[in-house]
*Asks:* 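One structure, as structure tokens, below. Some questions next.
Here is how names work: the chains are called A, B, and so on, in the same order as the sequence lines, proteins then strands, and each is numbered from 1.
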Amino acid sequence: MIVCVAVVGQQNNPLYIQSFTEAEDDLKLHHIVHCSLDVVDERVNNPKRSGSTLNETFLGLLYPTENYKVYGYLTNTKVKFILVTTDLDVRDADVRNFFRRFHSAYVDAVSNPFHVPGKKITSRTFAERVSNIVKSFRLSSSG
Amino acid sequence: MEEYPEELRTPPVSLVAVVGCPELHAPISTHLHSEHPPINTLALPDLSSNTIASLLPPSSSSSSRSVDDSSSSSASPPVGGILKRDWLLKHRTRVPSVLAALFPSDRISGDPAQWLQVSTDLEYLKAALRGRNIKLVVVVVHSDSTDGINEDRMVAFRKRAEVESKHLISFVLSDASELKQSLERLGSTFAELANAYYRDEGRRIKARIEKKSFSSIELYIRYCFKVAVYAEFRRDWVEALRYYEDGYHGLREMIGMSTRLPAVQRLVEIKSVAEQISFKISTLLLHGGKVTEAVTWFRRHNACYKKLVGIPEVDFLHWDWMSRQYLVFAELLETSFMAGQSTLPAVLGTAEKPLSEWEFLPAFYYQFAAQYLKEKRFSLERELSMMEAVCLDDNSESVVSYVFVGQYARLVEQGDEFALQLLTDEEYIHHALLEGKRFQDSFEIIALLKKSYESYTNLKIPRMASYCAFQMAKEYFAVGDLSNAKKLLDSIAKLYRQEGWVNLLWETLGYLRECSRKQEILEDFVEYSLEMAALPVSSGGVTKSTCRECGPAGPATMSRREVIQKEVFEFVNGKSDLAPTEDANSPRISKDLPLCIEIDLVSPLRVALLASVAFHEQIVKPDLPTLLTVSLLSQLPQTVEIDELEVQFNQSQCNFIIYSAQRHQSAVASNSLPKSRVEVTRALALSANRWLRLSYDVKSGQSGKLECISVIARIGPHFTICCRTESPASMDELPLWKFEDRVETFPTKDPALTFSGQKTIQVEEPDAMVELSLGASGPALVGESFILPVKVTSIGHAIFCGELKINLVDARGGGLVSPREIEPFSMDNHHVELLGIARPEGEDEPQRGADNIRKIQQSFGLVSVPFMNSGDSWSCNLEIKWHRPKLVVVYISLGYSPHCNESTAKVHVHRSLQIEGKSAITISHHVMLPYRRDPLLLSRIRPVPDSDQLISLPLNEKSILIVTAKNCTEVPLQLLSISVEKDDDECERSCCVQHESEGLIFSPLLVPGEEFKKFFSIIPEVNSSKLRMGMVCLRWRRYLEPKEHSGTFSKGVGVLTKHKLPNATVELSPLIVKLECPPYACIGDPFAFFITIQNQTQLLQEIKYSLADSQSFVLSGSHNDIIFLLPKSEHAICHKLVPLVSGLQQLPRVTVTSVRCAAGFQPSVPASSIFVYPTKPNIEMSWSATEEA
């Protein structure tokens, strides 16, 4: 189950962060997303070691916490997408697919002429789309 | 890791026992210990005592054996546990693999009584070792190499000992080398035998595993463990690893199957054993440098047991256990990296199961250890609080560790002895809770987090480090170590501020605020509160106020922000205390305890109050008002009422205070208004995200920079916020809020001012009340002394310490000196020169000292201006001379102070004038031959190619020099004289130059553009190829109208302009042709036309001539002829011509050719023209009159 998704800006500032849990662990998820930026930095600076190929937007599993798995995705404009899930066994393909859809939702959101680049994404449509993507991910991964 | 027993932590070392000859034990054990691999020695002093019996307790060994052996029989009691607690220790310290008995040689070779004793000892040893696999070695100690024992006795001894001959070792003490050899012999034998022992033991147990001759899974695990340990003794790491893993898997199967113990204790036992085995496996893997495998192993171990929480009452035990797993692995990893046994692998994990780089950092595991420990504490506290009700008392029951790993039992007194009694689960839980209560987990957690934090910091992983620091700070906060907590929180708040993680920052600030509240640091408390209240926390959703995650800040919501703001403003207004409790000592803002907060350009509190200040102009005249807009912005959720606002400048006399109307009334009433300027506005209320704009006039009397430094807001009687002002043009965006999607407005009403407005303004110096006028304009003429009158007229200011600076600057850039044209005279180095500064004639200068004119250089001058009262004037003349035509700008600046004291700012007046220096006169010249007299100049007809094009002049013949002087200025000039002078360096005249007419009788006036011509005749007297004709000297001056001021331009002798005439060649002409005819003719009136040819050579000249017919004339005489001219003679050819046509007519063309010179001559068209009148003109009179004159 996806518990949290986030869009993080170029200055590592959160642009959009949404958790999908019942419990009150927002803060913890914020911490997890924030910490995962360290791994993103490391991956970007040391692309060889993590075995990922160059120019790959999907950064893979960033780091395992005891209960969560954190995946990352880096766009060309250095905007990061972070996904926190509680599923222990997730197929990479599913995550990639998720990020691809998430990315296109993001692109649509920032293409809005009323959106100022670099500001938080407050679009309700975007939030709806994201929650739909999250829901469909849940279905596909459980199915 | 420290809590594990020593024998578990270190790799097993073989153990041998030495008995007899105690004096040798020390060197032997030292030697064995230094062996590679080392061997531990168990030294038993002598055989006779019962030390052997005590150290090799047959009972324990046999009992364990009996348990093991009896396992196959069904009658045996069920197995009590998995691993015996002291089994490993026993093998490490008590059960030797080899027993070496040392016998002095003299006792063997001694008398029968001694021999008997030896035999007894041997029997005793054999008896002790019976039933065990322990190898026996007998050592015969020779005190010197010579004391031989006879062969029979040795054989008998060996047989008695029942050892192979190679296990009978002789040990020679006689000298060092022998001793060394003996020790080495001993060492190798021991190593070999020990190896054999452990191999045999291992094999024996392995056989049981293979035969599956065990009754329960516990035994299987135990056997695996033992085999692995024996393999470790032999340093067979591969086998050890394999059997440890087998044991581990066996253990995993046991979960849920075993019913031997009560459920809780069963799990505890399994986990304890799993912990030990896992520890062994991790150690072995890491020692082998297999980091990736170790990490993967740990992951699996973790995954296996993570879910085995057990019943909720004792879940703290599970968390404790989990925490220990992480801690131990972290320590192992750390030591392994430190010892350099392992390095980070190049590729992490495998493609399918990638490991993240974090999993190789000990910090990662420390962090989790801390996290689980926190979990444990949480569970424990929960349990304890529940138990409080049930009254948890220590009923002094002594619970001790049982013989098996992971089991506990109660020590029960039974008469004189103690017996161990297994516990029920309830008792065990009770015991565990009591144990748990004894530990202070917070410090442990802090220590773990600190390790993690330091490691992350060293590795430059800032966000992880911050997270650890945050958790650490929370622990510190919980245990009441506020200063440490604050230090950590301050550092991480910085990161969160920078990256804009508002929720995290909110949480951090919440703790900080609470820390400063508890520490009673008022300033910090107010600052943190203000920052929190101004954070862009927008979620208006109602969240549960009591959630476990929330710190003292409460949930990050808008309403909470409002509460915080309200709280802090009540506090700063002195309405409430710092602490919410009714503590009388709690500090309160009051007259004795005022509070001032500074907000500078980098302060995080800019979100709470931002002051932007813009002058509407960039430059202002002194004492003139200029508009200043003070704009304040606050992101605090509720409106802030400011009582007064003080605006401070670097020129303090400009400071002013703005009161809100209400406050002003009360201030007026109490008569407490300050002396500085006061403005009143309707209300000073700051609502969220809306600029409060206030515009006022500011007046400064002091020239220079006027800067608005700060705006001080006073809220309540004792609280002030001092806000450094910012220019709107260079203002940074609000931190944190810049990421928010909010309406952004301009600090000033005029958006243009927002982009250009500055908080500084330049105050100009006061207007000069002095007129500086320059009385002349160009152009100046090269060579003359150009007079530039300067007049200083005071029209309001008195002039003190006046100073006039003059600067001459080339208008086209570049200096006034040309480096290329080095002139012989230093004076000429400057093309334009300031000659002097003079008072105009007639105005006598009061002689007030020599420093009047202070300095004059070629292009710079400095003159002091005397004191003048208002209305006075003073003037001087600048004398400037141009040596070359050049455009020059004259800068004149007058500096003075309008008041008599020197300190006041000087006022400056600047004037500049562009003056062009022009050449006044251009002189040109022209050389001609006399009319109708043409000497033959050979160089003219046959120019020598390489000769420079000099003018050729005939020797001793008169040539005419025409000098033309043209006025190229725009003013009339007066010529004073014109003459041709010889060159300065010419010693003798080589030609005669005469004025053709008289000298200048009156000075002719040349209007602009007019030319003046003057004729000179030149007769070269020397035959020279380079005749210097001399130099034309022309004196002139500006023409002055009589009414013009006589002093403006110097009259004097005028300006001399020179023009050098070119050199000429002089040559003797061989022939001279003259044409002679009357000046005019009349139709039908015949006249004579002579052609005279003069031979100037010493040779006979053959001359051909021809005369062409002309339609205008009838002529007599031959058309062609050849004549021979004698030397130095002349011949005239005469023709009579009758004109037929009137007007200017061409005479018949004459062509004269000299055969010798090969030169032909034809007169020029003007020379061969004549005017023919129709009738005789009546001009006799005038002609005669001219002749008479």
*Asks:* Which region of B:L495, side chain (C-beta onward) or backbone (N, CA, C, O), has a non-hydrogen atom less than 4.5 Å from a non-hydrogen atom of chain A, or is it both or neither?
*Replies:*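 Interface part for B:L495: side chain.
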*Asks:* Can you tell me if A:H34 and B:E499 form a side-chain donor-acceptor pair at under 3.5 Å?
*Replies:*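 Yes, a side-chain donor-acceptor pair sits under 3.5 Å.
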*Asks:* Under a 3.5 Å distance rule, please check whether A:K119 uses its side chain to pair with a backbone N or O of B:F739 as donor and acceptor.
*Replies:*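 Flag not set: sc A:K119 to bb B:F739 has no pair under 3.5 Å.
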*Asks:* Passes side-chain contact (heavy atoms from CB on, under 4.5 Å), B:Y467 versus A:D38? Steps please.
*Replies:* CA-CA 11 Å; B:Y467 186 41; A:D38 274 333; over 6 Å; no
*Asks:* Which answer fits A:D41, side chain, backbone, both or neither, if we ask what part of it has an atom under 4.5 Å from a heavy atom of chain B?
*Replies:*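 Side chain only.
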*Asks:* At a heavy-atom distance under 4.5 Å, which candidate from B:N503, B:V502, B:L504, B:I461 has the highest pair count against chain A?
*Replies:*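 Heavy-atom pair counts peak at B:L504.
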*Asks:* Can you tell which part of B:E744 gets under 4.5 Å to a heavy atom of chain A, answering side chain, backbone, both or neither?
*Replies:*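 Interface part for B:E744: side chain.
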*Asks:* Quick check on B:Y496 against chain A: is it the side chain, the backbone, both or neither that has a heavy atom closer than 4.5 Å?
*Replies:*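 Side chain of B:Y496 only, per the 4.5 Å heavy-atom cut-off to chain A.
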*Asks:* Between A:S36, A:G118, A:P14, A:G9, which residue shows the highest count of heavy-atom pairs closer than 4.5 Å to chain B?
*Replies:*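 Going by pairs under 4.5 Å, I would pick A:P14.
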*Asks:* Is the shortest heavy-atom distance from the side chain of A:N12 to the side chain of B:R463 under 4.5 Å?
*Replies:*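 Result yes, sub-4.5 Å side-chain heavy-atom pair found.
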*Asks:* Report, as yes or no, whether the 6.0 Å neighbourhood of atom CG on A:N76 holds more than 12 heavy atoms from other residues, nucleotides or ligands.
*Replies:*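 Open.
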*Asks:* Given a strict heavy-atom distance threshold of 4.5 Å, which part of B:K738 is in contact with chain A: side chain, backbone, both, or neither?
*Replies:*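 B:K738 touches chain A through backbone and side-chain heavy atoms alike.
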*Asks:* Between chain B and each of A:Q11, A:H31, A:K120, count heavy-atom pairs under 4.5 Å; write down the option with the most.
*Replies:*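 Result: the option with the highest number of such pairs is A:H31.
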*Asks:* Do other residues, nucleotides or ligands put more than 12 heavy atoms under 6.0 Å from B:K450 NZ?
*Replies:*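 Atom NZ in B:K450 is not packed in, count stays at 12 or less.
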*Asks:* Can you give me the closest heavy-atom contact between A:I17 and B:W501, atom names plus distance?
*Replies:*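 Distance-wise, the nearest heavy atoms are CD1-CZ3, 4.0 Å.
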*Asks:* Among B:G500, B:A303, B:A465, B:P462, which residue has the highest count of heavy-atom pairs closer than 4.5 Å to chain A?
*Replies:*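 Maximum pair count with chain A is reached by B:P462.
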*Asks:* Distance from A:C35 atom SG to B:Y456 atom OH, nearest 0.5 Å?
*Replies:*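 Atom-to-atom, A:C35:SG and B:Y456:OH are 8.0 Å apart.
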*Asks:* Under the side-chain contact (heavy atoms from CB on, under 4.5 Å) rule, what do B:W506 and A:L27 come out as? Steps first, then yes or no, please.
*Replies:* CA-CA 10 Å; B:W506 169 270; A:L27 194 67; over 6 Å; no
